[in-house]
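First up is the structure itself, then whatever we jot down about it.
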Amino acid sequence: MTIDDVMEWQASADVTDRWRDGRVLLVGDAAHVMPPYGGYGGNTGIHDAHNLAWKLASVLRGDADPRLLDSYEAERKPVAAFTVEQAYARYVVRAAPSLREGGFEQTVDDANIDLGTRYRSSAIVEDPDEAFEVHGHPRDLRGVPGSRAPHVEISLDGTAASILDLFGTRPVLLVASGESGWTDAAREAVERTGAELGVHVVVAPDGAFAERYGITDSGAVLVRPDGIVAWRAREAGDDAAHRLEDALASVFGRAGDPASAR
Ligand SMILES: Cc1cc2nc3c(=O)[nH]c(=O)nc-3n(C[C@H](O)[C@H](O)[C@H](O)COP(=O)(O)OP(=O)(O)OC[C@H]3O[C@@H](n4cnc5c(N)ncnc54)[C@H](O)[C@@H]3O)c2cc1C
C-alpha cells in the first residue's frame with residue numbers, strides 16, 4: 001500500500017455568534033464547525049443553504065420583505081448549536097474519553113438530528129398547544145409548525161407520488177378535504193395579498209394525511225418552499241381566509257404588519 005497524501009484537520013466544535021452582516025450571510029463550516037463523528041458537518045451546511053435559498057429568492061423577486069432574512073439566524077443558529085453539541089458528544093464517547101470530565105450532552109437518536117430539528121422564528125406560526133423543543137423524533141412531530149413536513153404517499157393526477165414532491169418553489173396549502181372551504185379561503189387570501197400559493201386537496205389512503213399532520217378532516221397545513229410546516233389549522237373555521245392571510249404574511253416576512261396581513 002502506498003500513501004499518496006496526508007491531510008491534517010483539527011477537531012473543533014463551535015457556532016458563530018452572528019450569521020449575517022448586511023449582504024453577507026454565513027453558511028456551512030463558515031457558520032459552524034464540529035467533529036466528524038455522526039457525519040453532520042456537511043449535512044448541516046446543506047440544511048443552512050436549503051433554509052436560506054428560498055428566502056433569498058423570495059426577497060430578490062420582491063415577493064417577501066427583506067425582514068424574512070432575519071429568520072435565517074433565528075432558525076439555523078439553535079439547530080446548529082444542538083447539532084454541534086451532538087457531534088461533540090459522539091466525539092467524546094467514541095474517540096476522546098479524556099474529555100468526559102469536561103461534560104457533554106446526552107446523545108439522541110440520529111433521526112432527530114437528520115430529520116427532526118425544529119425552527120422557531122417570525123416565519124413560523126407556532127401552535128400554542130405544542131411545547132417547543134429544538135428537536136424531536138420525526139415520527140412524533142406530526143406536522144407541528146417549524147418541523148419538516150412528513151412524507152405521505154399521495155395520488156397526483158392519478159399517479160402515486162410523495163407529498164414532498166409538491167414543495168419547492170412557492171408556499172403550498174395542503175387541504176384535507178375539498179368540502180372544508182379552504183380552497184375558497186385560499187382564493188380570497190391570494191386575491192387580497194397577491195401571494196404565490198399552491199393549493200392541493202390531498203388524496204391519501206386511510207386518512208394518512210390528516211393523521212400524519214396532526215389535523216382533522218377539515219384541517220389544512222401551510223408548507224414553505226423548504227418543506228417546513230409554517231402553520232397548521234387543525235380544523236376549518238369562520239375566519240379561515242384571514243388566518244391563512246396572517247400565516248402567509250409570516251412566510252413572506254411581514255408578520256405583525258397590519259397593512260399586508262389584511
Ligand atoms: C475527516 C472529516 C470527515 C467528515 N465526514 C463528514 C461526513 O461523513 N458527513 C458530513 O456531512 N460531513 C462530514 N465532514 C464535514 C464536511 O466535510 C464539511 O462540513 C463540509 O465540507 C463543509 O463544506 P463548506 O462548503 O461549508 O466548506 P468547505 O468544504 O471548507 O469549502 C470551502 C471552500 O472555500 C475555499 N476557500 C477558502 N478561502 C477562500 C478564499 N479566500 N477564496 C476562494 N475560496 C476560498 C476552500 O478552499 C474550500 O474549497 C467531515 C469533515 C472531516 C474533516
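Order of listing sets the numbers, starting from 1, for every ligand and every atom in it.
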(message) Just verifying a value: how many Å separate Gln86 CD and Gln106 CD, rounded to the nearest 0.5 Å?
(response) 9.0 Å
(message) Would the distance check show the side chain of Arg94 and the main-chain N or O of Ala96 forming a donor-acceptor pair, the cut-off being under 3.5 Å?
(response) no
(request) Can you sort out which atoms of ligand 1 are near Gly28, meaning under 4.0 Å from one of its heavy atoms? (result) 26 (O)
(message) Between Met34 and Glu85, is there a side-chain heavy-atom distance shorter than 4.5 Å?
(response) no
(request) Nearest 0.5 Å please: distance from the CZ atom of Arg76 over to the CG atom of Leu26. (result) 13.0 Å
(request) May I ask you to identify the nearest protein heavy atom to atom 6 (C) of ligand 1, giving residue, atom name and distance to one decimal place in Å? (result) Gly39 CA, 4.2 Å
(message) Could you go through Leu222 and Val125, starting from their C-alpha distance and side-chain angles, then the distance that decides it, and tell me whether this counts as side chain to side chain contact (heavy atoms under 4.5 Å, CB included)?
(response) CA-CA 10 Å; Leu222 182 65; Val125 184; over 6 Å; no
(request) Flag atom 9 (N) of ligand 1 as yes if some protein heavy-atom distance to it falls below 4.0 Å, otherwise no. (result) yes
(request) Can you pull out the closest protein heavy atom to atom 24 (P) of ligand 1? Residue, atom name and distance to 0.1 Å, please. (result) Asp29 N, 4.2 Å
(message) Quick check on atom 32 (C) of ligand 1 - does any protein heavy atom sit closer than 4.0 Å to it?
(response) no
(message) For a quick check under 3.5 Å, do Ser121 and Glu75 share a side-chain donor-acceptor pair by atom type?
(response) yes
(request) State plainly whether one hydrophobic cluster holds both Tyr88 and Val15, where clusters connect Ile, Leu, Val, Met, Phe, Trp and Tyr through side-chain heavy atoms under 4.5 angstrom apart. (result) no
(request) For atom 35 (C) of ligand 1, state whether the nearest protein heavy atom is under 4.0 Å away. (result) no
(message) Please list the nearest protein heavy atom to atom 17 (O) of ligand 1 with its residue and the distance rounded to 0.1 Å.
(response) Gly42 N, 5.0 Å
(message) With the threshold set strictly below 4.0 angstrom, can you tell me whether any protein non-hydrogen atom sits that near atom 38 (N) of ligand 1?
(response) no
(message) Is atom 44 (N) of ligand 1 touching the protein, meaning some protein heavy atom lies under 4.0 Å away?
(response) no
(request) Among all protein heavy atoms, pick out the one at the shortest distance from atom 2 (C) of ligand 1; state its residue, atom name and that distance to 0.1 Å. (result) Pro36 CB, 3.7 Å
(message) Is atom 29 (O) of ligand 1 near the protein, in the sense that some protein heavy atom lies at less than 4.0 Å from it?
(response) no
(request) Kindly compute the distance separating CG (Leu68) from CZ (Phe252), expressed to the nearest 0.5 Å. (result) 9.0 Å
(request) Would you mind running through ligand 1 and noting each atom that sits below 4.0 Å from a heavy atom of Gly41? (result) 10 (C), 11 (O), 12 (N), 15 (C), 19 (O)
(request) For the pair Glu73 (side chain) and Trp19 (backbone), establish whether a donor and an acceptor sit closer than 3.5 Å, ignoring hydrogens and angles. (result) yes
(message) Any nitrogen or oxygen of Trp9 lying under 3.5 Å from a nitrogen or oxygen in ligand 1? Just yes or no.
(response) no
(message) I'd like to check atom 48 (C) of ligand 1 in this structure: does the protein have a heavy atom lying under 4.0 Å from it?
(response) no
